[in-house]
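Notes follow the structure.
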Amino acid sequence: MNHPIHFVSLGPGDPEFITLKGVNTLQKADIIYCPATQGKHGIISRATDILKAIEVDESLIHPFILPMSKERTDALNAYNELFLDAQAEYLKGKQIVIVAEGDAGFYSSIQYVYDKFEEAGIPVDRIAGIPAFIAAGALAGIHIVKQEEQINVIPGTASFDELSAKIENGMIIVIMKLPGCQEAIHTCIRQYADKAVFHYFENVGTGKEYYTTDITIIHSKDFPYFSLLIVQPR
Ligand code: SAH
């Protein structure tokens, strides 16, 4: 067998953000593995919602549950199970597609499974997608970085001191996974309201899409998981 296992990036939410290459690959799949989480009222899967909006046979969609706990070993166990399952189907000759939101190689733990297939000598390929922060920039109509400016993407582990040093240096900052550094961000907003613009986004590319630069609103927020900030100097 020499056809690859495809990793398809779905973009941040709007199905129209999937590339043509992604759609063509999805439409040739025999099985589509799709990340999901176990919510209080059943399985939640934004990736499945995206797939349902394009022409793929729903019976081909196999959700796999990713535990939300901070404990990384739980997620690794889920990924190992996915790997074994997908490998068995692949060896039966099936066309396998594994999807991820945004770009599948940008803060995307599914790369762990990609690496496992490579180690096992099974060919893999990855189809690029639109990361959430790029779609956010378009939504706001901002020039994310220009001329000599530099950009820093950070994952929600940042302290106030780190954020403050970057703002002082005129760096453009993209902050992902906001619940992890809510306090540091709130402090930054109070300190730097006159030096920086805080572009705040939620659920970009979905029906619940939200954008504001109003610091009073941002300051009062409990950041949800699907939120991000782009901080630019004034
Ligand atoms: N692979 C994804 C990133 C996954 S990490 C990408 O390329 O964009 C998860 C983080 O991405 C979230 O905590 C949030 O900060 C951001 N994110 C993903 N989708 C989003 C969306 N639709 N709207 C706002 N932020 C989003």
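We count ligands from 1, going down the list as the structure has it; atoms in each ligand are counted the same way. Start at 1 with the first residue, then count along the sequence. Quick caveat: nothing in here was measured; it's all calculated off a predicted structure.
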_Closest to atom 12 (C) of ligand 1 among F226, F201, Y225 (heavy-atom distance)_ = Y225
*Is the Y211 ring parallel, tilted or perpendicular to the H199 ring (thresholds 30°, 60°)?*
parallel
*Evaluate the criterion side chain to side chain contact (heavy atoms under 4.5 Å, CB included) for residue pair Q87 and L91; output intermediate values, then yes/no.*
CA-CA 6 Å; Q87 178 175 247; L91 294 174; 4.1 Å; yes
*asked:* With a 4.0 Å cut-off on heavy atoms, is G205 in contact with ligand 1?
replied: no
_Geometric N/O contact F133 with ligand 1, under 3.5 angstrom_ = no
_Going by side chain to side chain contact (heavy atoms under 4.5 Å, CB included), F201 matches just one of I230, T212, L229. Which one?_
I230
*Kindly determine whether L163 and I175 satisfy side chain to side chain contact (heavy atoms under 4.5 Å, CB included), including the steps that lead there.*
CA-CA 9 Å; L163 291 174; I175 314 171; 3.7 Å; yes
_Selected option - heavy-atom contact closest to atom 5 (S) of ligand 1, from Y200, F106, Y107_ = Y107
*Considering only heavy atoms of E101, which atoms of ligand 1 have at least one such atom less than 4.0 Å away?*
1 (N), 2 (C)
*Say whether S108, considering both its backbone and side-chain N or O atoms, lies within less than 3.5 Å of an N or O atom on ligand 1.*
no
*asked:* Which heavy atom of Y192 sits nearest to which heavy atom of F198, and what is that distance?
replied: O-CE1, 4.0 Å
_Tell me if the centroids of the rings in F106 and F133 come within less than 6.0 Å of each other._
yes
*Do P12 and ligand 1 have an N or O pair less than 3.5 Å apart?*
yes
*Can you check side chain to side chain contact (heavy atoms under 4.5 Å, CB included) on K28 and H6, steps first, answer last?*
CA-CA 11 Å; K28 281 188 231 136; H6 301 282; over 6 Å; no
*Tell me which part of A104 gets within contact of ligand 1: side chain, backbone, both or neither, using heavy atoms under 4.0 Å.*
neither
*Would you mind checking which non-hydrogen protein atom is closest to atom 8 (O) of ligand 1, with the distance to 0.1 Å?*
A132 N, 2.8 Å
*Given Y225 and T37, is the side chain to side chain contact (heavy atoms under 4.5 Å, CB included) satisfied, shown in steps?*
CA-CA 13 Å; Y225 179 72; T37 51; over 6 Å; no
*For atom 14 (C) of ligand 1, what's the nearest protein heavy atom and its distance?*
S227 O, 3.3 Å
*asked:* Quick check on R46 - does any of its heavy atoms sit under 4.0 Å from an atom of ligand 1?
replied: yes
*For ligand 1, which atoms have a heavy atom of M176 less than 4.0 angstrom away?*
3 (C), 10 (C), 11 (O), 15 (O), 16 (C)
*Taking non-hydrogen atoms only, is T206 closer than 4.0 angstrom to ligand 1 via side chain, backbone, both or neither?*
neither
*Please state which protein non-hydrogen atom is closest to atom 7 (O) of ligand 1 and give its distance, to 0.1 Å?*
D103 N, 2.8 Å
_Is it the case that the ring center of Y200 lies less than 6.0 angstrom away from the ring center of F223?_
yes
_Quick check: is I173 connected to V197 through a chain of hydrophobic side chains (ILVMFWY, heavy atoms under 4.5 Å apart)?_
no
*Sub-3.5 Å N/O-N/O distance, V204 and ligand 1*: yes
*Find all atoms of ligand 1 within a distance of less than 4.0 Å from any non-hydrogen atom belonging to P131, and give their numbers and elements.*
6 (C), 7 (O), 8 (O)
